[in-house]
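To start, the structure itself, in structure tokens.
What you see is a predicted model; the values in this text were computed from it and never measured. A note on names: the letters A, B, ... follow the listed sequences, proteins ahead of strands, and every chain is numbered from 1.
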There are 2 protein chains.
Amino acid sequence: MPQYQDIARQLQARLDAGEFPPGSKLPSVRQLAARHGVNSLTALAAYRWLEQKQRVVARPRAGFFAALPARAAGQAPARALPSPATLVDVDSRMSQLVALSASDVAVQLHMAEAHHSLYPAAELARRLQQTLLRQPELIGAYLPAAQHERLCAQLRQMAAGWQLDVGPDEILFCNGITEGISLALRHLTRPGDTVAVETPVYFGLLQTLAALGLKALEIPCTPDAGLSLEALEFALQYGPPVRCLVTVTNYQNPTGALMPDDNKKRLLALARRHGIAVIEDDVFGELYFGKRRPTPLKAWDRDGDVIYCASFTKSLAPSFRLGWLSGGRHHAALERLRASSSLVSPALLLGTLSDLLASGDYARISQRLRARLAEQMARVADAVLAAFPPGTRLRRPQGGLLLWVEGPEGLDSARLLEAALKESISFAPGMLFSAEPRFRHCLRLNFGQPWDAAQQAAIARLGRLAAEQLRMT
Amino acid sequence: MPQYQDIARQLQARLDAGEFPPGSKLPSVRQLAARHGVNSLTALAAYRWLEQKQRVVARPRAGFFAALPARAAGQAPARALPSPATLVDVDSRMSQLVALSASDVAVQLHMAEAHHSLYPAAELARRLQQTLLRQPELIGAYLPAAQHERLCAQLRQMAAGWQLDVGPDEILFCNGITEGISLALRHLTRPGDTVAVETPVYFGLLQTLAALGLKALEIPCTPDAGLSLEALEFALQYGPPVRCLVTVTNYQNPTGALMPDDNKKRLLALARRHGIAVIEDDVFGELYFGKRRPTPLKAWDRDGDVIYCASFTKSLAPSFRLGWLSGGRHHAALERLRASSSLVSPALLLGTLSDLLASGDYARISQRLRARLAEQMARVADAVLAAFPPGTRLRRPQGGLLLWVEGPEGLDSARLLEAALKESISFAPGMLFSAEPRFRHCLRLNFGQPWDAAQQAAIARLGRLAAEQLRMT
């Protein structure tokens, strides 16, 4: 038996004996190594082995923890409501939130999605049929070269409208923006590397980092201006070596922040000075409420440092999972990595997108969606301010799907969620958005649901529950 | 500057100075380490750095090579015909073959696909529209839980028909089988690990292994019985430690081999005895020509050792990219990895598949396709035997899309491809299917194209070109 397995089995025996209750912190890699007189790599291998067996869980920058008991066989996980305690496990936050979507919660405000009724399903159904009848070759695996070139030219023209100049060979389609960001991280990093992210940050990104064995370095981000460049500069100067930065520049998840253009330019210069690559997540950029779509960071990237990731998921049809990226000087490598990871995107969906862009239908569909979202945002924000206890703050986002609510100090949004779920109301508690115990008093609300009386009542109820909790403490 | 970067820059200077011409072998990691008085990890880091900069290329079990010159800016790669020399680069074989598909080659026999006209595009277009009109919620990102359960129940019933018992929570959809296999490898291995594969082997798998920093251990595979268990046993006993095995049990790519049921059972016992996991690639299993669909290896897997990967790509609609896997004891971990890599598959396509399974249309569509393919296989095989020089051998496959032709000793199929491309005929030369210089005299032909006079003439011409080449040598 290899030495690391021997160590792993000894630790497993201690887990079995109850020496470390589920969820408790385990010895550090260094401690484990010292105990067995081996080097850290061997101790780490033991932990990785136990991790594969799902006996331990790794958390970025926190170490290893005893895993929660495996779910009983036969139990349908999609039906079970997650308790706030299981939401802490970074490795499964997203899956838990998805499970919440599949549950019977009546008023669901926990997602980062617009309701399906906001998308023109019947129109898209017709368009899909027309496209495939006219171009039966789209049933094949590969988008024919001429159509690929046409679609790339359309995207380049679209991006040029918001000052983003994309090269002719610099567009790669992928399965949702999640795949784009995952590919970018896989290309730029090796396990153990540190990646700078915003805090609060989309929990799915923490999950992706954990799956790749990466450490998250959380840089403060405010609803007003997004990522704090001052904090980033400080971290790059005095913190651990950072391999790359992932930033949501437009309508950040969860704060809704729009990074000012000046900050975008400064961020680029800062990244260049410190030699770090930037992964720009622009998944919400198309959902702008103002007159002008915001310009991505990538627009000022002259040196190919930025891997720009975007998507039609939010603005056209979530079901299509039409993400794309432009990888700068990493582009060719990302193309190869994508080919070996999932080969290609569905040719039919790409062909349909091309038809929708050519006809102007995409512009019309996304414009209508933006108008709906802007209105719903105003309703939700008004309702929150009317219902929540004094000291509650929010900033109305200029786009996107998400409203970040900062409750009064002392509010425990995880406990609030517990109470809300009993009344069939869901939201995303602040604790989800950091690996550290921050944002306990915050909530992320989705304003992508059609505004109605039930939603109004639900937000009023949330406000009262918050007030009650504060009175009792 | 970190030491590895210093070493990398020195090596880069030597590359710039022309000391190592493009394509030439570079010093081994050990040699490089010795030269600079560092350990092997540091030397390896230097190579990885240069690999990221696309100055060097890693080849499994062969080491590092000087990269070919970067392609000129503005050159449209999809249009360029690959020369056999560039096909050798394992890291881009698949991309090169895809490029060949996008070219104007008249008779294309190089792919592993059926022609798009063999799939019922109009019927599928209608079905897509109907499904989305009836269930507009499928425009959303997530397949609703009830529909997910229905689809899983359908797949379980289908699999039970070929003796495969899949648990209720053991189905994970993914973007084509490529994603399934990539996820399985990412879960089971760490960079540097050795993975057993068949030889000849699908070049896309070599590309996936290279992208993950894995080494391929090639185990002989014959058209008659597939993977040689004797060779595998020998390799497991005397070869380097193997982390897992990837095997195409039914109608292997490229040999078309069907592994006998007895061998499947023995393989499972062998894997268990040596403690290695098995990734079963059953992408061609639905394309059987006989009365009965072959049973996967997974059917006899009582301990959850096998990660079973399958797909509707070949048998229903390549464009849909509807892969799925059943991960045995690795299933939960694979679900998490998938969520962090690309989240979900397009809900609309999953919903349409469910409708096609419920109506019996899938059974009818795939049955018709199988009948067409069986007929085309017979035509292509007859034509090859009639046209190729004496000494040419082939075994008619019992399913799939691929015919493996072993030419007479001395045939150079890479040179044959060069001559064939001049006459607008393509095929996949044997050299593609191993990282070692094997199978030079072999060709893989696709019989997924509708049989016609042009194809008949093309195969006759290929045969004459082969005979000419042999006469000249």
Hits for salt bridge (Lys or Arg N to Asp or Glu O under 4.0 Å) against A:Asp193, two or more places apart or cross-chain, chain-then-number order -> A:Arg243

Suppose we screen for salt bridge (Lys or Arg N to Asp or Glu O under 4.0 Å). Which residues come up paired with B:Arg126, at least two apart in sequence or across chains?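 Not a single residue meets the salt bridge (Lys or Arg N to Asp or Glu O under 4.0 Å) criterion with B:Arg126.
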
Nearest 0.5 Å, what's the [atom1]-[atom2] distance between [X] and [Y]?
X	Y	atom1	atom2	value
B:Leu185	A:Ser341	CG	OG	10.5 Å
A:Leu128	B:Leu128	CG	CG	6.0 Å
A:Gln207	B:Arg336	CD	CZ	8.5 Å
A:Tyr142	B:Met111	OH	CE	9.5 Å
A:Leu124	B:Ile139	CG	CD1	4.5 Å
A:Ser342	B:Ile177	OG	CD1	13.5 Å

Region of A:Ile181 that comes under 4.5 Å of a non-hydrogen atom in chain B: neither

What part of A:His148 gets within 4.5 angstrom of chain B, counting heavy atoms only: side chain, backbone, both, or neither? neither

What residue in [options] has the most heavy-atom pairs under 4.5 Å with chain A?
options	result
B:His115, B:Arg329, B:His187, B:Gln135	B:His187
B:Glu137, B:Gln130, B:Arg48, B:Arg190	B:Glu137
B:Asn175, B:Leu188, B:Leu183, B:Leu337	B:Asn175

Using non-hydrogen atoms only, which part of [X] is less than 4.5 Å away from chain A: side chain, backbone, both, or neither?
X	answer
B:Arg127	neither
B:His330	neither
B:Leu205	neither
B:Thr313	neither

Is the backbone of B:Leu138 close enough, under 3.5 Å, to the side chain of A:Ser319 for a donor and an acceptor to pair up by distance? yes

Between the main-chain N or O of A:Val344 and the side-chain N or O of B:Arg321, is there a donor-acceptor pair closer than 3.5 Å?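 Yes, because the side chain of B:Arg321 sits within donor-acceptor range (under 3.5 Å) of the backbone of A:Val344.
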
What's the shortest heavy-atom distance between [X] and [Y], and which atoms?
X	Y	answer
A:Leu132	B:Ala121	CD2-O, 3.6 Å
B:Ser340	A:Ser182	O-CB, 3.8 Å
B:Ala141	A:Pro318	N-CB, 3.4 Å

